[in-house]
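Notes follow the structure.
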Amino acid sequence: GQSATSIPAIAIKPDATKAVLAVQNAVVVVNLSTDAVSSAISTGTPNDLLATADGQYVVVGNYLGSIISFASESIVANTLNTTTPDYLAVSPADARAATAHVLRKEVMEVMDVSGATGHQEGVVPTGPAPEGDKARGVAVNAAGTLAIVINNHSQNATVIDLTTDSIIAVYDAGERPGDVKFTPDETQAVIANLDSYFATVIDLVGGTTTNVAMGRRGGIVEISPDGMYAYIPVDADGDGVYRINLNTLAVDGAKVLTGNMGGIGYVFDQSSGMTLSHDGATLAVCGSFTNDLSIIDTASWAEVKRVTVGTFPTRAAFSPDDSRICVSNKNDDTVSVVTNAGAA
């Protein structure tokens with residue numbers, strides 16, 4: 001009754017009574033005795049499906065690392081919450097599994113897959129110490145003397161002296177760093193991490209880092225003109241924008257909810273756009289999946305207007321005087337022009 005994915009992932013219960021197979025963004029359980037097919041179990045599309053050693057469960061090779069019970073035909077636990085592994089292995093002897101990633105990580109997640117109590121046991125490197133692999137973004141200071149490159153695969157940031165073309169420091173970031181910005185006084189840099197529940201703030205004077213707790217899927221950073229705040233949008237667990245106080249190194253105020261953002265480009269490394277006005281008074285956030293633009297007033301820290309724009313808006317840009325916002329609409333080949341007047 002549903003189309004299997006191509007090439008379909010399939011797991012068969014050792015006693016040959018049931019099978020689990022992948023359909024679009026889900027899996028189904030097929031009773032091999034009665035030919036009955038379960039309703040779709042929402043897991044996201046897996047790369048692999050493997051039965052556990054005891055034959056009671058199936059481990060789903062996807063970003064949640066779901067465990068499905070053959071008996072109840074349902075998800076009983078999720079062991080991951082990051083990116084879909086390219087490879088999955090299940091122990092033939094005990095209730096353990098492990099992942100491997102090609103494009104996004106140099107680590108292996110090890111999971112306990114013993115049914116409802118399943119969980120991630122830990123994360124271990126799959127090779128030598130991280131280098132500067134899969135660079136995905138760069139920031140350059142105003143003087144053009146320093147650059148910071150974020151390395152999506154190695155999960156770190158490289159500081160480069162552009163006057164000597166030499167690396168002067170490497171700092172750990174979170175999982176899949178998504179963007180980096182200097183503060184105006186160039187004493188700090190802020191990294192948004194796509195798969196960690198924190199942002200990373202680098203003290204470029206003291207040579208230290210601080211992880212500031214917040215939601216995951218942070219792909220963009222904007223810094224207020226006075227250098228007091230960093231703004232980071234997230235597109236998971238309630239889409240919205242966090243404000244980090246760069247003096248206290250803590251989230252300041254509640255997350256401001258917006259339209260529906262999400263992954264809009266290459267292997268989910270590109271997120272719906274957020275832009276800060278030149279005067280620092282207004283944030284414009286693209287709701288790519290709800291076709292709208294959220295206008296956030298930074299002084300009151302609230303969304304003051306949600307404006308309908310074209311189909312699948314991805315990026316916004318303010319005019320030099322901040323009076324207008326131009327929004328690129330990916331799916332209908334148009335640009336929407338919005339008058340920037342707060343709630344009006």
Pairs flagged by ring pair (Phe, Tyr, Trp, His ring centres under 6.0 Å) wherever residues 298-344 is involved - sequence neighbours left out: Tyr231-Trp301, Phe289-Phe312
Under the criterion side-chain contact (heavy atoms from CB on, under 4.5 Å), which of Asn62, Thr84, Val60 is the partner of Asn47? Thr84
Verify whether one side chain among Glu106 and His101 offers a donor that lies under 3.5 Å from an acceptor in the other. no
Using modelled atom types only, decide if a donor and an acceptor are shared between the side chain of Asp332 and the backbone of Thr311 within a distance under 3.5 Å. yes
Summary of ring pair (Phe, Tyr, Trp, His ring centres under 6.0 Å) pairs that have at least one residue in residues 105-127, sequence neighbours excluded: none
CD1/Ile41 to CG/Asn25 distance, rounded to the nearest 0.5 angstrom? 14.0 Å
Please tell me whether Asn151 and Thr158 have a donor and an acceptor in their side chains that are separated by less than 3.5 angstrom. yes
Going by the side-chain contact (heavy atoms from CB on, under 4.5 Å) test, name the single residue among Val241, Val256, Leu276 that passes it with Thr298. Leu276
Ignoring hydrogens and geometry, is there a side-chain-to-backbone donor-acceptor pair from Ser224 to Gly280 under 3.5 Å? no
Would you say the side chains of Asn156 and Ser154 form a donor-acceptor pair under 3.5 Å? no
With sequence neighbours excluded, what pairs up with Glu303 under the salt bridge (Lys or Arg N to Asp or Glu O under 4.0 Å) test? Arg306
Expected output: side-chain Asn340 to main-chain Arg324 donor-acceptor under 3.5 Å: no
Considering all heavy atoms of both residues, which atom of Pro313 and which atom of Asn329 are nearest to each other, and what is their separation? CB-OD1, 3.6 Å
Is a side-chain N or O of Asp252 found less than 3.5 angstrom from the main chain of Ile244, in a donor-acceptor match? no
Atom CG in Asp235, atom CG in Asn260: separation rounded to 0.5 Å? 8.5 Å
Roughly how far apart are Ile67 CD1 and Gln56 CD, rounded to 0.5 Å? 13.0 Å
Flag yes if more than 12 heavy atoms outside Lys255 fall under 6.0 Å of its NZ atom; otherwise flag no. yes
What ring pair (Phe, Tyr, Trp, His ring centres under 6.0 Å) pairs are there with at least one residue in residues 130-184, not counting sequence neighbours? none
Of all the heavy-atom pairs spanning Ile220 and Ser272, show the shortest one and how long it is. CD1-O, 3.2 Å
Using every non-hydrogen atom in the two residues, find where Asn78 and Ser66 come nearest and quote the distance to one decimal. OD1-OG, 2.7 Å
What pair of heavy atoms forms the shortest contact from Lys18 to Val29, and how long is it? CD-CG1, 4.1 Å
Considering non-hydrogen atoms only, spot the tightest contact between Cys286 and Thr314 and give its length. SG-C, 3.7 Å
In terms of heavy-atom contacts, Ala26 and Pro46 come closest through O-CD, 4.3 Å
Asp172 atom CG, neighbour heavy-atom count above 12 within 6.0 Å: no
Rounded to the nearest 0.5 Å, the CZ atom of Arg96 sits from the OG1 atom of Thr79 at a distance of 12.5 Å
For Ala16, side-chain contact (heavy atoms from CB on, under 4.5 Å) partners two or more places apart: none
Between CD of Gln120 and OG1 of Thr99, what distance do you get to the nearest 0.5 Å? 8.0 Å
No-hydrogen, no-angle side-chain donor-acceptor test under 3.5 Å, Asp161 and Ser166: no
Given the rule in the side-chain contact (heavy atoms from CB on, under 4.5 Å) test, do Val190 and Leu246 qualify, once you have shown the distances and angles that lead to the verdict? CA-CA 9 Å; Val190 182; Leu246 295 177; 3.8 Å; yes
Any donor and acceptor pair, going by atom type alone, linking the side chain of Ser91 with main-chain N or O of Ala95 inside 3.5 Å? no
Just verifying a value: how many Å separate Leu88 CG and Met111 CE, rounded to the nearest 0.5 Å? 5.5 Å
Using only heavy-atom distances, determine whether the side chains of Glu186 and Asn141 contain a donor-acceptor pair under 3.5 Å. yes
Which residue pairs satisfy the salt bridge (Lys or Arg N to Asp or Glu O under 4.0 Å) criterion with at least one member in residues 208-227, sequence neighbours excluded? Asp195-Arg217, Arg216-Asp237
Full working for side chain to side chain donor-acceptor pair (under 3.5 Å) between Asp239 and Thr258: CA-CA 6 Å; Asp239 296 10; Thr258 64; 5.6 Å; no
So, the side chain of Lys330 versus the backbone of Ile264: is there a donor-acceptor pair under 3.5 Å, distance only? yes
Within the distance-only criterion (no hydrogens, no angle test), does the side chain of Ser38 pair as donor or acceptor with the backbone N or O of Val28 below 3.5 angstrom? no
